[in-house]
Colleague: 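I have a structure here, written as structure tokens, and I will follow up with some questions on it.
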Amino acid sequence: MKNIILLLALITSTSFAQTFRWSETSTTVENEADYKIENYFYGRLFKLKTKYNQDTFNKDVIVDIVDPKDDFESEVVIASLDQPAMGLTMKTLIDLFQLTEKNFVYFVTEFDRSTKMNELFWMTANIDTGTKTKHKFITSFPGKNGVNPGDYYVAQSPNKEFYVALKVPSYDKKINQKITFTLIDKTFKVVKEKEYEFPFSSKQSGNQQLYVSNEGVVFMIKEIELPKVKAYKSVYVWNPTTDAVVEETLKLENDLQIHQLKGQFYANDFYINGLYTDKSSRDFQFNVSYSGSDGVNSLGVYCAKFDGKGVRKYTTLNSTGKINDLNIKDFVVSGDKTWALMDHMFVVSKRRPLAQTNMKIINDNTYSNNGIEVGLIDNETGKLEWLHSTKVGNPSSVNDNGDLISFMYTIKNDELALIYNQHISIYESKLPILQNYTKTGKLVSTKPLSNSLPAKYSLDNSTFVKVENNKYMVRCKIGSSAKYGYLTF
């Protein structure tokens, strides 16, 4: 067995110390830049990474498996769709969701050129072995051709009992856009469908975010860009019991716009939390980036709450004053409150010359972050009760997802513990700083976790996975070299 490095952070917080335990074994960080990464722990760490592949015109699924019982040794499993010996598969992986532990469901589309139907299939995959079942048909709708077949979007309910597939037809700017909601049960059978026609064409139809509740009620947040009207968002709610689709506008007064948001279910309610600005939608992206802000100044925190049937309970605008490059890290509903967790992560993307990339589109992303914002929202009113700012100073980084300059957190007993890195010098590890907040907004402590890392390695904010009470699997890295270990509170 290889040696394990045990480092004690010689500080106390709420009367106990933080202990880091690192392996001497290092691993090479690969296939992470610009990937969407999700971490799962079932005796071993499963780091699930997905990204669109320009060569296969499909989504790559790569799983890093790290075994703490074997000195944190790692292996890689490729769980992408299988490719034929010659050519490329005509099926496209559009999304995947967890079923049970290491078992996932893949939703796959294919345009049938003979029938001109855009078909949706499902299959299961095990991210431990990479094995997959054969695909099975769910539903279809007409498409124009292979280049413009229309689109599917899929969402899973929190209890994994329902799915909704949104059918978006082929682009046509001359007629009103019609969409179809398809409710699917846990056996992947169609329960019910509902067609809905917008009073505008595909040209005015923006992006959407899709959700389905534990009862099968569908919520869709959609961007709308009408002529001579400032872009705005609306919530469309389809209740299969009544078969009605109801629109609830999220349009704000005084030319304000929601520029980032997160929707989520908690108990029997649906919450929308986000950031609003006075900038034009042309200045920002609709979706929250995996890696940073959309480059506009936020003016406040937006909060809305709907009951399980889609009836709005409140809309609350919480003015914060102008905050540059504010980015949603997470909104975490916890009982009667919601923790608002944000940073100032900003990404500058520069495309490499095509002549240097064999005509592939490759961007170099530079990440910077100079602050953290922590707040608490009252779920009964949507009021932001307090907001605390922390300034941080770290040099910018390139093509690393900003993993060393954001923060990681845990919530326990109505209190928040947050860890971020502070730059010391290019010759030393970044210094981890632990903050503890109470629900009342009191910053209990800000403590450096000194002498807690291998020489020159810095704590990686992307890996913070609970393995048992008060114990988390973590990672530190320098360049492309990484070490895994444990953090015990």
Side-chain angles (χ1 to χ4, degrees), residues 2-7 9 18-41 44-49 51 62-68 70-76 290-292 329 343 345 347 364-369 372 392-410 418-434 448-467 471-488:
K2 299 180 179 67
N3 294 329
I4 297 294
I5 303 172
L6 183 65
L7 298 171
Q18 288 74 40
T19 303
F20 286 90
R21 179 175 175 262
W22 300 106
S23 171
E24 285 190 343
T25 303
S26 62
T27 186
T28 301
V29 176
E30 296 180 307
N31 300 313
E32 292 197 5
D34 287 340
Y35 277 75
K36 178 182 178 182
I37 301 176
E38 299 173 296
N39 294 306
Y40 302 90
F41 188 86
R44 294 171 293 163
L45 173 67
F46 294 84
K47 187 175 283 289
L48 177 64
K49 305 180 292 187
K51 181 182 178 181
I62 302 173
V63 187
D64 291 346
I65 304 175
V66 183
D67 189 352
D70 190 20
D71 300 316
F72 298 94
E73 292 285 353
S74 63
E75 62 176 303
V76 177
Y290 295 128
S291 53
K329 179 82 169 182
D343 59 21
M345 184 75 73
V347 185
D364 288 315
N365 296 320
T366 301
Y367 300 86
S368 60
N369 177 36
I372 296 169
V392 297
N394 282 292
S396 59
S397 60
V398 180
N399 294 338
D400 68 347
N401 296 339
D403 288 343
L404 303 183
I405 59 176
S406 184
F407 64 89
M408 51 194 190
Y409 66 89
T410 182
L418 179 151
I419 301 176
Y420 65 91
N421 288 326
Q422 187 65 54
H423 178 71
I424 304 300
S425 80
I426 60 174
Y427 305 106
E428 300 180 57
S429 302
K430 295 180 185 295
L431 179 62
I433 306 294
L434 171 68
L449 305 181
S450 304
N451 305 315
S452 58
L453 295 163
K456 297 186 179 181
Y457 280 77
S458 295
L459 195 60
D460 181 348
N461 304 137
S462 72
T463 306
F464 187 65
V465 187
K466 187 175 182 179
V467 299
K471 187 175 183 179
Y472 295 81
M473 194 165 176
V474 291
R475 187 173 79 172
C476 62
K477 68 180 183 179
I478 176 172
S480 61
S481 175
K483 294 177 182 286
Y484 284 92
Y486 288 123
L487 168 59
T488 303

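When reading the values below, keep in mind they use all heavy atoms of this one structure, side chains included, and skip hydrogens, waters and symmetry mates.
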Colleague: Could you tell me whether the side chain of Asn401 and the main chain of Asp403 form a donor-acceptor pair under 3.5 Å?
Modeller: no

Colleague: Atom CG in Asp71, atom OG1 in Thr25: separation rounded to 0.5 Å?
Modeller: 5.5 Å

Colleague: Does any part of the side chain of Thr27, heavy atoms only, come nearer than 4.5 Å to the side chain of Asp64, both counted from C-beta?
Modeller: no

Colleague: With sequence neighbours left out, what residues match Asp67 under salt bridge (charged side-chain N to carboxylate O under 4.0 Å, His left out)?
Modeller: none

Colleague: Does Val392 form a side chain to side chain contact (heavy atoms under 4.5 Å, CB included) with Asn369? I'd like the steps, not just the answer.
Modeller: CA-CA 7 Å; Val392 297; Asn369 177 36; 4.1 Å; yes

Colleague: Take Ser26 and Tyr457, measure what side chain to side chain contact (heavy atoms under 4.5 Å, CB included) needs, and give me the verdict at the end.
Modeller: CA-CA 11 Å; Ser26 62; Tyr457 280 77; 4.1 Å; yes

Colleague: Go through the steps to decide whether Val29 and Arg475 satisfy the test side chain to side chain contact (heavy atoms under 4.5 Å, CB included), and finish with yes or no.
Modeller: CA-CA 11 Å; Val29 176; Arg475 187 173 79 172; 4.1 Å; yes

Colleague: In Å and rounded to the nearest 0.5 Å, what is the CD1 to CG distance from Ile405 to Asp400?
Modeller: 7.0 Å

Colleague: What is the distance from atom OG of Ser429 to atom CG of Asn451, rounded to the nearest 0.5 Å?
Modeller: 10.0 Å

Colleague: Do Met345 and Tyr367 have side chains that approach each other closer than 4.5 Å (heavy atoms only, starting at C-beta)?
Modeller: yes

Colleague: Can you find a heavy atom in the side chain of Leu459 that is under 4.5 Å from one in the side chain of Met408?
Modeller: yes

Colleague: Atom CD in Glu428, atom NZ in Lys456: separation rounded to 0.5 Å?
Modeller: 10.0 Å

Colleague: Counting N and O atoms only, with roles assigned by atom type, does the side chain of Asn39 sit under 3.5 Å from a partner on the main chain of Ser462, one being a donor and the other an acceptor?
Modeller: yes

Colleague: Look at the side chain of Ser458 and the backbone N and O of Lys430, then say whether any donor-acceptor pair between them is shorter than 3.5 Å.
Modeller: yes

Colleague: To the nearest 0.5 angstrom, please state how far the CZ atom of Arg21 sits from the OH atom of Tyr484.
Modeller: 16.0 Å

Colleague: Among all residues two or more places apart in sequence or in another chain, which pass the ring pair (Phe, Tyr, Trp, His ring centres under 6.0 Å) test with Tyr486?
Modeller: Phe72

Colleague: If you measure from OH on Tyr472 to OG1 on Thr488, what distance do you get to the nearest 0.5 Å?
Modeller: 10.5 Å

Colleague: Would the distance check show the side chain of Gln422 and the main-chain N or O of Gly393 forming a donor-acceptor pair, the cut-off being under 3.5 Å?
Modeller: yes

Colleague: Tell me, do Tyr35 and Ile62 make a side-chain contact under 4.5 Å, heavy atoms counted?
Modeller: yes

Colleague: What is the minimum heavy-atom distance between Met473 and Val66, and which atoms define it?
Modeller: CE-CG1, 3.6 Å

Colleague: Can any side-chain N or O of Lys483 pair as donor or acceptor with the backbone N or O of Pro454 at less than 3.5 Å?
Modeller: no

Colleague: Is there a side-chain contact between Cys476 and Asp460 in this structure, where contact means two heavy atoms from C-beta onward sitting under 4.5 Å apart?
Modeller: no

Colleague: Please confirm whether the backbone N or O of Lys51 pairs with a side-chain atom of Asp34, one donor and one acceptor, at under 3.5 Å?
Modeller: no

Colleague: With a 3.5 Å cut-off and no angle check, do the side chains of Ser406 and Lys329 form a donor-acceptor pair?
Modeller: yes

Colleague: Evaluate the criterion side chain to side chain contact (heavy atoms under 4.5 Å, CB included) for residue pair Leu449 and Phe20; output intermediate values, then yes/no.
Modeller: CA-CA 10 Å; Leu449 305 181; Phe20 286 90; 3.8 Å; yes

Colleague: Taking only residues two or more places apart in sequence or in another chain, which ones pass ring pair (Phe, Tyr, Trp, His ring centres under 6.0 Å) with Tyr409?
Modeller: none

Colleague: Return yes if some donor-acceptor pair links the side-chain N/O of Thr366 with the main-chain N/O of Val398 below 3.5 Å, else return no.
Modeller: no

Colleague: Would you say Gln18 and Leu434 make side-chain contact, with heavy atoms under 4.5 Å?
Modeller: yes

Colleague: Using side-chain heavy atoms (C-beta onward) and a distance below 4.5 Å, is Leu404 in contact with Asn394?
Modeller: no

